[in-house]
Each structure stands twice: as structure tokens, then as C-alpha cells.
Amino acid sequence: MNYWLVKSEPFKYSWDHFVTEGEAVWDGIRNYQARNNLMSMKTDDLVLFYHSNEGKEIVGLAKVSKEFYPDPTTEEKGWVVVNLVPVAKFPKTVTLAEIKADRRLQDMLLIRNSRLSVIPVRLEEFDLIVAFAHEV
DNA sequence: GCCAACGTTGGC
DNA sequence: GCCAACGTTGGC
């Protein structure tokens with residue numbers, strides 16, 4: 001089991017929209033590193049859902065419902081999508097500021113490479129973020 | 001709205 | 001194969 005984080009601009013595709021639809025085709029990835037991460041995702045891997053630009057916070061948890069297949073939104077070869085389904089909205093969002101403030105999370109690619117939109121997350125980091133999301 | 005960081009493209 | 005120029009992302 002691996003853990004991931006995906007970014008979405010809420011203006012384009014928000015968590016609420018994701019929940020309403022019930023399943024998302026994660027299309028439009030045009031970056032090789034992000035693409036490689038998509039191709040490493042396995043069914044039932046857990047995925048943190050992050051709102052970029054507006055909010056800058058992790059809002060909920062999703063999981064992989066279908067492993068990678070060719071991106072239907074482009075003719076170009078080599079790009080792929082996965083399907084995601086919502087698991088749970090976090091009781092409390094975890095902001096980028098909180099993540100940056102925690103010494104244990106400094107190595108996250110979310111911070112180190114802010115432009116990458118599909119990011120692997122280590123188990124320790126994942127557990128910590130889930131714990132933050134449930135703090136009172 | 002600005003700009004830093006990063007990726008990609010193309011000239012040489 | 002190097003590197004300058006350009007485009008894009010996303011934090012501030």
C-alpha cells in the first residue's frame with residue numbers, strides 16, 4: 001500500500017464536486033514526474049486531496065478505484081489517468097502553513113517541489129497529517 | 001498581480 | 001549535449 005497527495009484547484013475541481021460526482025477521472029496530467037507517480041498507484045492506495053491556490057489545505061481522503069489507463073482527453077500517446085473515489089472529508093483541514101510548521105514534514109515534496117501535482121507521501125507523513133486532521 | 005522555481009523547447 | 005529563452009504552476 002502506498003500513499004499519495006493530489007492537488008486540485010478548487011475553482012476547477014473541488015472536493016465537494018468530487019463527492020457529488022462520486023468518482024473522478026484524474027485527467028490532464030502533463031508532467032512526466034506526476035505521470036510516473038500516477039502509473040505507480042495501485043487500487044485502494046490512499047490519496048490526500050489538496051486544494052491549491054485557494055485554501056492551500058488538505059481537505060479529505062480519497063482512494064484509487066482504477067489503476068492507470070490512457071488519458072481520454074488527449075490524442076498524444078503516453079499520458080495516463082487514474083480513477084479516484086472519495087473516502088472521507090477531514091473533520092479539520094490541514095493547511096500548508098501547518099505542514100510547513102512541522103519539522104517532521106519538511107521533506108515532503110509538497111514543500112520541496114511545490115509545482116508537482118501528484119506526490120508520493122511516506123507512511124509517517126501520511127499518519128501525521130491524518131492525526132492533524134482529527135485534532136480538536 | 002507578481003515572481004520564484006521548475007520543466008520544456010530549440011538554436012547552436 | 002549545453003544552455004538561453006520561454007511557459008506554467010502555485011505560493012505569497
Side-chain angles (χ1 to χ4, degrees):
Chain A
M1 164 89 74
N2 287 304
Y3 302 89
W4 308 93
L5 179 147
V6 294
K7 291 183 182 176
S8 182
E9 293 184 53
F11 175 71
K12 289 182 187 161
Y13 195 90
S14 68
W15 170 264
D16 287 343
H17 186 209
F18 179 39
V19 170
T20 302
E21 286 200 331
E23 183 165 31
V25 176
W26 211 256
D27 61 26
I29 299 298
R30 297 292 180 270
N31 168 285
Y32 289 108
Q33 210 180 337
R35 192 277 311 264
N36 291 344
N37 290 334
L38 282 184
M39 298 201 324
S40 300
M41 288 185 182
K42 300 294 180 192
T43 303
D44 293 336
D45 276 1
L46 294 172
V47 182
L48 299 166
F49 193 107
Y50 176 83
H51 278 169
S52 63
N53 285 314
E54 283 175 62
K56 285 168 287 176
E57 56 193 7
I58 300 169
V59 291
L61 187 61
K63 71 175 182 178
V64 178
S65 56
K66 188 173 180 191
E67 290 174 18
F68 77 91
Y69 55 97
D71 189 334
T73 66
T74 179
E75 296 290 309
E76 285 180 60
K77 294 287 177 191
W79 300 117
V80 302
V81 298
V82 297
N83 287 12
L84 300 177
V85 292
V87 172
K89 183 171 184 160
F90 281 160
K92 180 175 96 50
T93 61
V94 179
T95 64
L96 182 63
E98 281 179 78
I99 292 167
K100 282 190 164 177
D102 194 297
R103 192 170 38 79
R104 293 164 293 180
L105 296 175
Q106 291 312 296
D107 286 339
M108 285 189 74
L109 283 173
L110 180 66
I111 296 172
R112 297 231 319 271
N113 183 358
S114 67
R115 295 183 57 220
L116 186 61
S117 62
V118 181
I119 301 171
V121 177
R122 291 207 301 266
L123 177 59
E124 313 87 83
E125 296 163 345
F126 179 85
D127 284 346
L128 207 50
I129 287 166
V130 170
F132 286 172
H134 291 83
E135 276 176 7
V136 184

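To find a chain, count down the sequence lines: A is the first, B the second, and so on, and within it residues start at 1. Only this structure's heavy atoms are used, side chains among them; waters, hydrogens and symmetry mates stay out.
Under 4.0 Å is where a charged nitrogen must lie from a carboxylate oxygen, and between A/Lys92 and A/Glu57 no such pair does.
Note: the hydrophobic cluster containing A/Trp15 does not contain A/Val87 (ILVMFWY, side chain heavy atoms under 4.5 Å, direct or indirect links).
One side chain, A/Thr73 or A/Asp71, offers a donor N or O that lies under 3.5 Å from an acceptor on the other. Under the 3.5 Å distance criterion, with hydrogens and angles disregarded, a donor-acceptor pair is assigned to the side chains of A/Tyr13 and A/Glu21. A side-chain N or O of A/Glu67 and one of A/Thr43 form a donor-acceptor pair less than 3.5 Å apart.
Residues A/Ile29 and A/Trp79 come closest through the heavy atom pair O-CE3, 3.3 Å. What you find for A/Asp45 and A/Ser40 is that their closest heavy atoms are OD2-O, 4.2 Å. Residues A/Gly78 and A/Arg35 approach most closely at O-NH1, 2.8 Å, considering heavy atoms.
Note that the CG atom of A/Leu116 and the CG atom of A/Asn37 stand 6.0 Å from one another [nearest 0.5 Å].
Of the residues in residues 92-103 of chain A, those lying under 4.0 Å from DNA chain C by heavy-atom distance are A/Leu96, A/Lys100. Sorted by residue number, the list of members of residues 33-40 of chain A with any non-hydrogen atom under 4.0 Å from DNA chain C is empty.
Protein chain A contacts DNA chain B from B/dA5 to B/dT8, reading 5' to 3' and using non-hydrogen atoms of the protein with a distance under 4.0 Å.
Looking at heavy-atom distances under 4.0 Å, A/Arg112 makes contact with sugar-phosphate atoms alone, never a base.
Aromatic rings of A/Tyr69 and A/Trp26 (six-membered ring for Trp) have centroids beyond the 6.0 Å cut-off, not under it.
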